[in-house]
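Worksheet for the structure shown next.
In the text below, chain A, chain B and the rest are named by the order of the sequence lines, each starting its count at 1.
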Amino acid sequence: MSERTGAPDKPSLDGLEDKWADRWDADRTFAFDRSKTRDEVFAIDTPPPTVSGSLHVGHVFSYTHTDTIARFQRMRGREVFYPMGWDDNGVPTERRVQNYFGVRCDPSLPYDPGFVPPEKPGKQEIPISRQNFVELCDRLVVEDEQKFEELWRTLGLSVDWSTTYTTIGERARRASQRAFLRNLARGEAYQSEAPTLWDVDFRMAVSQAELEDRELPGAYYSLRFGGTDGEAAIVIETTRPELIPACVALVAHPDDERYAPRFGHEVVTPLFGVRVPVLAHPLADPEKGSGIAMICTFGDTTDVVWWRELQLSTRTAIGRDGRLLPEPPDWGPAAPEADARYAELAGKTAKQAQARIVELLAEQGELVGAPKPITHPVKFYERGDRPLEIVSSRQWYIRNGGRDAEVREAFLARGRELHWHPSHMRSRYESWVEGLNSDWLISRQRYFGVPFPLWYPVDADGEVDYDHPIVPEEARLPIDPTSDVPTGATEDQRGKAGGFVADPDVMDTWATSSLTPELAAGWEDDPDLFARVFPMDLRPQAFEIIRTWLFSTVVRAHYEFDSLPWSDAAISGWVLDPERKKMSKSKGNVVTPMEPIRQFGADAMRYWAASGRPGVDTAVDEGQMKVGRRLAIKILNASKFALGVIGDDVPSDFGMQPDAVTEPLDRSMLAGLAALVTNATTSFESYDYARALDSTERLFWGFCDDYVELVKGRAYAGSDSARAALACALDTLLRLFAPHMPFVTEEVWSWWRAGSIHRADWPRADDLSPFASADATVYPAAAAVLREIRKAKSEAKRSMRTDVVRATVRAPAELLRSLAPALAEVRDAGRIVGEVELVEAGELAVDVTLAAPE
RNA sequence: GGGCGAUUAGCUCAGGGGGAGAGCACUUCCUUGACACGGAAGGGGUCAGCAGUUCAAAUCUGCUAUCGCCCACCA
């Protein structure tokens, strides 16, 4: 509990961050009170930052938005559950641990409890077991966490630092495996051997959500497929001639009269002389190229559709390493020259094979005309460097509506049930769900991650039976099937006929991240906490991971709890560099936040962040930070003035004493403040922290410029009405600013109040209701006239303290009526020493006669 | 190809049927008793364009243009 200190002579922002961060920590100001029930709690599903690198200014931006909401809800009386997670699961962390310690994860190795990494990573990576790797990860995360936490605390995030979680730790592994096993038991998870998008460098399957298109230069090559039985050749266009050996058919639209006579007939592939059928399918576009395409297994996702729907055979040419397979595919009947052709290409990368095959086509005269250069979109893994291939493999999926209209409708309904801020972000969710074309592929052929908690029986012939996975009891989780054995089995049965083998794969990181609300809430591990916080209230996140994080979290909660994981989603925009370019490490334009926080102050940094509207991309702007700093300083100084006239003997509960406010000017000012409270509250309730700040700031500057000047004389003279009004306004304004500028408001609060402002009540318009009946026009009228007087002095290039010998106020009758009760204050603030004449006129104008210069 | 958003002062942006606004920058002035890490004032805009609804449009509707993003089976 803080002691009242009174205002210092020279208030300063210096050192406020450390001072108050330490105090909040010591007082446990933001500790979650878990005696509160669900309806009293406001729970936030905080995005766990990836601990592989460093935080950048974009994190500061969006986490500040969330923190303003958290502080508002806390002041409103909700017990805020505001945990922090650390995302240490996934490729970025895997790479960081590899590079940092010079090790490599090899799950076939046994755990070595005595392993110590080298002091400096050697040139050769040391292979270690998965458990050893995870332990190193835990160790590194602790170091990263400390840096992150220091920044968050300096920024003033009001999280409860005793409620943290990680995404690769034991709890996360247990929750991920438990959720998967339950999906499996209910039939929501299934495995399938099918063509899958595949990254040839990472050598793993990639899900639809991890795809991105990149524009790449390419070319259309026109190829001649020879006719059979005396029929003419058919010319097709393709961008991937290297896939000719994988060609299984040609396809044209059923209504295309050019090719209708050939349907069911065969043609011969160029170079290889393999016979393939000509078929009809509505997906073939008569307008594209020559209107007829070659189907390869597999060149793109359309090939997969054709292959499946036309029930074609498989002729695999490209392997999982992106190179042409060493052995030729099954050509079918009679293709004498095919093997020889293929031998020359085997082992080449797709790119090399294309170059060679184009040469050969040209030599053989089977290339029609010159290649037509184009640029076209090609699918990439978002982290990958080479185009994706499609290979057939056995993978685990979770049903997400990609292949089932009913399931899809259920998730669209969840999207409509969720409150989106801003609301138009819902359309991104909807277009994603509507465009799904496959289920959620959750298995990854990686070593670091949460393993699938499964084994498969090996039959007497040594064949693995994938259709009857062996699952562990939930109580055993988390397990690693490569080192743990099925219940009742022994290690010596591993890999043996009649024994078992482990599922070698790990789960996609989103399979864990999709459980962050459950993880943070202690699902199954802490049922008492879970009941108090789940489903949560708010998911704050960036828009670009709606299709991944947001959607997958909805999927998991829908299946496990038949509910949304939270009622509201607040979607933040991007932070752009000062030139309004997207920040990225490769461009080298990433702004790190600690330096500007130290330079301008955390409140100033937060001011900049909170000025960015919900969902709107915002540029890094030092100008806004300077404005924020100026505001913070103004709050210090205006408070110092107000407390100076309120008096040092003010009791700590002095403040809302509406009865003491009797003067019309004071009552009028407080009427405006009441309207502000309503406005700011409404804005915050709809997650519009920016509007709340904007309206509060607007009133505050006017308060400083006009009200303080008008009331100064009377306040110095000891007017009780002025003292009470200033106390009331200061008290209210500080609390309105507290969510945005927690440090400076807490500092000022400590001068005259007990306890933390962040545990004080949010202002209620009801507290100011005595002023609802006040004439709200008095204060604006007085301020307007005062501005006219200042203008006259400014235009005369005279000091503001110049005496006014005589003034004539011309104004509409209403304005003059409003002005009347505050005329004394206007005289005082305007230094009018002589007569004031009031004249009715159409528009406000003030003529003044200034005292002669000395 | 479909969708979402944006277009307002030199810059960054707010506003959302009836006065064209803020901050920064610029110009001028003021070292007044809370504040020189200040303060007062000023200049500056065909609210992207066209059409419509309306007594009245920056604001609502439609179309167009430009920019950004999302989605799509892009041979």
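Atom OG of A/S794 and atom CE of A/M800 lie 4.5 Å apart (nearest 0.5 Å). In this structure, the separation between CD1 on A/I236 and SG on A/C247 is 7.5 Å, given to the nearest 0.5 Å.
If you check every strand for non-hydrogen atoms under 4.0 Å, A/V378 touches nothing. Residue contacts shown for A/V305 are absent, as no nucleic acid heavy atom lies under 4.0 Å away. Across all strands, A/D285 comes closer than 4.0 Å to base atoms (heavy-atom distances). Counting non-hydrogen atoms under 4.0 angstrom, A/A642 reaches nothing in the nucleic acid. Among the atoms of the strands shown, only primed sugar atoms or phosphate atoms (P, OP1, OP2) are found under 4.0 Å from some heavy atom of A/W701. Among the atoms of the strands shown, none is found under 4.0 Å from any heavy atom of A/C296. A/G623 comes within 4.0 angstrom of nothing in the nucleic acid, heavy atoms only. If you check every strand for non-hydrogen atoms under 4.0 Å, A/K379 touches a base. The residue A/T302 sits close only to the backbone: its heavy atoms come under 4.0 Å of sugar-phosphate atoms, none of a base.
The separation of B/rG19 from B/rG5, taken at their P atoms, amounts to 28 Å, rounded to a whole angstrom. A distance of about 23 Å separates the C1' atoms of B/rU61 and B/rA20, rounded to the whole Å. Comparing the P positions of B/rA6 and B/rG16 gives a spacing of 13 Å, expressed to the nearest Å. For the P atom pair drawn from B/rC63 and B/rG18, the interatomic distance equals 25 Å after rounding to whole Å. Comparing B/rA9 with B/rA51, their C1' atoms are spaced 27 Å from each other, to the whole Å. When the P atom is used for both B/rU28 and B/rA36, the distance is 23 Å, rounded to whole Å. Comparing the C1' positions of B/rG49 and B/rA65 gives a spacing of 7 Å, expressed to the nearest Å. A gap of 15 Å separates the P atoms of B/rU53 and B/rG62, to the nearest Å.
Rounded to an integer number of Å, the gap from CD of A/Q599 to P of B/rC37 is 15 Å. For the pair A/D617 CG and B/rU12 C1', the computed distance is 14 Å after rounding to whole Å. Following rounding to the nearest Å, A/M800 (CE) and B/rA40 (P) show an atom-to-atom distance of 9 Å. In this structure, the CZ atom of A/R308 is 11 Å from the C1' atom of B/rC73, given to the nearest Å. Look at OH on A/Y607: it is 14 Å from P on B/rA22, rounded to the nearest Å. At whole-Å resolution of the value, CG in A/N637 and P in B/rU32 are 15 Å apart. Distance, A/E382 CD to B/rC69 P: 16 Å, rounded to whole Å. If you take CG of A/D621 and C1' of B/rA25, they are 12 Å apart, rounded to a whole angstrom.
Contact check, A/K791 against B/rG42: a side-chain N or O comes under 4.0 Å of OP1 or OP2. Put simply, A/K626 has no side-chain N or O that comes within less than 4.0 Å of OP1 or OP2 on B/rG38. Between B/rC71 and A/Q208, no contact under 4.0 Å exists linking OP1 or OP2 to a side-chain N or O. Look at A/R691 and you'll find a side-chain N or O under 4.0 angstrom from OP1 or OP2 of B/rG15. Dashed line: the shortest gap from a side-chain N or O of A/K634 to OP1 or OP2 of B/rG39 is under 4.0 Å. Residue A/N437 has no polar side-chain atom (N or O) positioned under 4.0 Å from OP1 or OP2 of B/rA72.
Residue A/H424 has its side chain nearest to B/rC4 when only B/rC4, B/rG39, B/rC74 are considered. Candidate nucleotides B/rA14, B/rC4, B/rG42 were compared by shortest atom distance to the side chain of A/E795, and B/rG42 ranks first. Checked against B/rA75, B/rA41, B/rC35, the side chain of A/R787 finds its nearest nucleotide in B/rA41. Here B/rC70 is the nucleotide among B/rU12, B/rC70, B/rC4 with the atom lying nearest to any side-chain atom of A/S431. For A/R428, the side-chain atoms get nearest to B/rC69 when compared with the rest of B/rC35, B/rC69, B/rC37. Side-chain proximity of A/R630 to B/rC74, B/rC24, B/rA40: nearest is B/rC24. Candidate nucleotides B/rC35, B/rA72, B/rA75 were compared by shortest atom distance to the side chain of A/W306, and B/rA75 ranks first. Nearest to the side-chain atoms of A/R790 among the listed nucleotides B/rC73, B/rA40, B/rG39 stands B/rA40. Of the candidates B/rC24, B/rA72, B/rA75, the closest approach to any side-chain atom of A/T238 belongs to B/rA75.
When the ring-ring contact (aromatic ring centres under 6.0 Å, His included) test is applied to A/Y707, the partners found at least two apart in sequence or on another chain are A/F703, A/Y779.
Under the 6.0 Å cut-off for aromatic ring centres, A/W198 and A/Y381 do not qualify, their centroids lying 6.0 Å or more apart. Taking the six-membered ring for Trp and the full ring otherwise, A/F737 and A/F700 have centroids separated by under 6.0 Å. A ring-centre distance under 6.0 Å is not found for A/H421 and A/Y689. The aromatic ring centres of A/W440 and A/F551 sit 6.0 Å or more apart.
Comparing A/D694 and A/Q624 against RNA chain B, the residue whose closest nucleotide sits nearer the 5' end is A/D694. The residue among A/A619 and A/E237 whose nearest nucleotide of RNA chain B is located toward the 5' end is A/A619.
Considering A/E788, A/R831, A/R801 as possible partners of A/K793, the one that fulfils the side-chain contact (heavy atoms from CB on, under 4.5 Å) test is A/R831.
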Open item on the list: Once pairs are restricted to Watson-Crick or G-U wobble with both distances under 3.5 Å, how does RNA chain B read as a dot-bracket string, [ ] for crossings and | for other-strand pairs?
Closed with: ((((((((.[[[[.)..(..]]]].(((((.......))))).....[[[[[..)....]]]]])))))))....
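Looking at A/D706 and A/R787, a side-chain N of the basic residue comes within less than 4.0 Å of a carboxylate O on the acidic one, giving a salt bridge.
Under 3.5 Å, the side chains of A/T314 and A/W307 contain a donor-acceptor pair of N or O atoms.
Counting all heavy atoms, side chain and backbone alike, A/H281 lies closest to A/W306 at ND1-NE1, 3.1 Å.
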